Structure formats: structure tokens, C-alpha cells
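Structure first, commentary second.
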Amino acid sequence: MKKILTLAALLMVISGCSGEHAASAAKPVNVTSLGGQTPVTKAVAVADEAQYPSHGTAIPRNFAEQPPLIPHKADYPITLKHNSCLGCHSWDRAAKMKATPVAKSHVLDDKGTLKGQNYFCTQCHVPQADNKHPLVGNSFSQP
Ligand code: HEC
Ligand code: HEC
């Protein structure tokens with residue numbers, strides 16, 4: 001029984017490598033490089049990236065009780081187990097990280113224990129950036 005199985009496996013390997021198989025797999029594949037149509041000898045212009053105000057500056061607020069805008073990138077992960085924003089904005093870390101501690105309204109006690117309702121920061125705080133392109137295209141025209 002073992003011998004038959006070994007023989008069958010061997011046959012499968014051999015047929016897998018046959019010329020017939022290789023010919024059908026050799027279809028041309030159209031791959032576009034990251035440089036697009038630009039020849040490799042030319043430098044490709046870098047795509048415009050969002051420009052955030054520098055890390056040390058807060059953006060002026062426009063009205064009372066406004067959740068302040070985030071003056072830096074805001075893709076720090078917030079998961080059920082870990083909130084990366086607190087790495088800089090929690091009451092015990094903020095001074096060291098030169099960031100504003102989360103507002104008094106966000107905490108339960110004088111140790112800075114965050115309220116559950118304030119855990120998902122980006123529910124209320126949005127980043128503000130200078131973007132070179134409109135984020136959403138608009139083809140609106142007045143009828
Ligand atoms: C690496 C440290 C760091 C991390 C991580 C970080 N921040 Fe900041 N944040 C700063 C610094 C520094 C400033 C600028 C000083 C200031 O205004 O607090 C700032 C500013 C802010 C402000 C403006 C405060 C104000 O008074 O105008 C908000 C809101 C803010 N961050 C929210 C967030 C949120 C939400 C996250 C997570 C998505 C986050 N930050 C992650 C360092 C950090
Ligand atoms: C439910 C909405 C909401 C959530 C969630 C929230 N904030 Fe705020 N945040 C506000 C509002 C509104 C203000 C301004 C009024 C105030 O100070 O309470 C504020 C103020 C702040 C300030 C400025 C404090 C100051 O003294 O000027 C910082 C920093 C901040 N939030 C960071 C955070 C971080 C970090 C998180 C997540 C851990 C978070 N916020 C979650 C609504 C929210």
C-alpha cells in the first residue's frame with residue numbers, strides 16, 4: 001500500500017513538471033510599476049501628501065466647547081485594549097511628551113482616569129491638514 005502511494009505521489013510530481021503545463025502558465029502579465037509610465041531614467045514626482053501644522057502647535061478654536069482639531073496625523077491606533085493617543089495625551093504622560101493632557105471633562109478623578117465615553121478620541125477630534133488636492137471630487141453645477 002505504502003509503495004503504491006509513493007508511486008502515485010511521484011507520478012503527480014512528474015506530471016506537474018511536464019512541458020505541457022509550463023506552456024499554459026507562460027501568458028504575458030501586465031504589471032505596472034509604481035513609477036507608472038515614467039521611464040526608469042527619470043525621477044517620478046512624489047505624490048502630494050497632507051501637510052500638518054508642526055507638532056508643537058495647537059490650532060486656534062472657532063467656538064466654545066469645540067473639540068480642538070488635531071494638528072498632527074491621526075492614524076494612531078485605538079483598539080479595545082490600547083489607545084495610542086494616551087501615550088502622549090494621558091495625564092501622566094502629557095508633560096513629558098509636550099502635549100496637552102486630555103481635558104478635565106474627559107476624566108473621572110484627579111488621577112486622570114479616562115471616562116469610557118471619551119475613549120474613542122477620533123469620534124470627536126478630527127485632524128486638520130493642508131491638502132493640495134480636494135479630498136472629495138465635486139462635479140456639482142448649477143442647473
Ligand atoms: C507622539 C505624541 C502624540 C500622539 C501619539 C498623539 N498626539 Fe495629539 N498632540 C501631540 C502634540 C505634541 C500636540 C501639540 C501640542 C498641543 O496642542 O497639545 C498635540 C495636539 C493634539 C490636539 C490639539 C490640542 C489643542 O489644545 O488644540 C488634539 C485634539 C490631539 N493632539 C489629539 C490626539 C489624538 C486624538 C490622538 C490619537 C489619534 C493623538 N493626539 C496622538 C502629541 C501626540
Ligand atoms: C465625546 C467627544 C470627545 C471625545 C470622545 C474625546 N474628546 Fe477631547 N475634547 C472634546 C471637547 C468637546 C473638548 C473641548 C471642551 C473641553 O475641554 O471639554 C475636548 C478637549 C480636548 C483637549 C484639549 C484640552 C485642553 O485643556 O485644552 C485634548 C488634548 C483632548 N480633548 C484630547 C482627547 C483625547 C486624546 C481623546 C481620546 C482619549 C479625546 N479627547 C476624546 C470632545 C471629546
Side-chain angles (χ1 to χ4, degrees), residues 2 5-143:
K2 212 175 176 185
L5 279 180
T6 319
L7 200 68
L10 208 65
L11 276 174
M12 276 164 75
V13 171
I14 292 168
S15 67
C17 300
S18 72
E20 195 189 324
H21 214 260
S24 66
K27 280 188 186 155
V29 188
N30 285 324
V31 183
T32 319
S33 83
L34 288 177
Q37 299 302 321
T38 316
V40 284
T41 48
K42 292 231 166 96
V44 183
V46 179
D48 285 330
E49 284 188 351
Q51 300 290 317
Y52 295 96
S54 83
H55 236 28
T57 45
I59 298 165
R61 299 183 200 183
N62 298 313
F63 56 90
E65 300 299 315
Q66 175 203 331
L69 293 165
I70 306 175
H72 53 69
K73 75 182 174 86
D75 54 1
Y76 296 103
I78 304 174
T79 66
L80 276 182
K81 292 215 173 92
H82 185 73
N83 182 328
S84 315
C85 310
L86 294 176
C88 293
H89 288 282
S90 71
W91 278 24
D92 49 344
R93 308 220 26 146
K96 201 174 153 214
M97 302 309 289
K98 297 194 171 67
T100 310
V102 293
K104 278 205 186 94
S105 63
H106 295 18
V107 301
L108 290 168
D109 53 26
D110 58 4
K111 287 195 213 74
T113 311
L114 198 71
K115 289 179 187 166
Q117 70 205 40
N118 286 101
Y119 186 78
F120 293 101
C121 319
T122 45
Q123 231 176 294
C124 304
H125 296 278
V126 290
Q128 177 79 352
D130 181 14
N131 288 293
K132 302 289 175 235
H133 294 300
L135 293 178
V136 180
N138 189 347
S139 57
F140 177 78
S141 64
Q142 194 77 43

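Remember, it's 1-based here, ligands and their atoms both numbered in the order they're listed. Predicted model only: the values in this text are computed from it and were never measured.
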Between ligand 2 and the protein, tabulate every N or O atom pair separated by less than 3.5 Å, reporting distance only.
unit_1	atom_1	unit_2	atom_2	d
ligand 2	7 (N)	His106	NE2	2.7
ligand 2	7 (N)	His125	NE2	2.8
ligand 2	9 (N)	His106	NE2	2.8
ligand 2	9 (N)	His125	NE2	2.9
ligand 2	18 (O)	Ser105	OG	2.5
ligand 2	27 (O)	Arg61	NH2	2.8
ligand 2	31 (N)	His106	NE2	2.9
ligand 2	31 (N)	His125	NE2	2.9
ligand 2	40 (N)	His106	NE2	2.9
ligand 2	40 (N)	His125	NE2	2.8

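- Tyr76 contributes no side-chain N or O that, together with a main-chain N or O of Asn83, makes up a donor-acceptor pair within less than 3.5 Å.
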Exercise for review: Determine, step by step, whether Val126 and Ile70 satisfy the side-chain contact (heavy atoms from CB on, under 4.5 Å) criterion, reporting the C-alpha distance in whole Å, the side-chain angles of both residues, the deciding distance to 0.1 Å, and the verdict.
Suggested key: CA-CA 6 Å; Val126 290; Ile70 306 175; 5.9 Å; no

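- Residues Trp91 and Val102 come closest through the heavy atom pair NE1-O, 2.8 Å.
- Every atom of ligand 1 with a heavy atom of Pro71 under 4.0 Å away is listed here by number and element: 20 (C), 21 (C), 22 (C), 23 (C).
- Not one N or O on the side chain of Arg61 forms a donor-acceptor pair closer than 3.5 Å with the backbone of Pro68.
- Per-residue contacts place Lys98 under 4.0 angstrom from the following atoms of ligand 1 (heavy atoms of the residue considered): 12 (C), 15 (C).
- Shortest non-hydrogen contact noted between Val107 and Lys115 is O-CE, 3.5 Å.
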Review point. Cys85 and Ile78: side-chain contact (heavy atoms from CB on, under 4.5 Å), yes or no, with the steps?
Key: CA-CA 7 Å; Cys85 310; Ile78 304 174; 3.8 Å; yes

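- Side chain of Asp109 to backbone of Gly112: a donor-acceptor contact under 3.5 angstrom is found.
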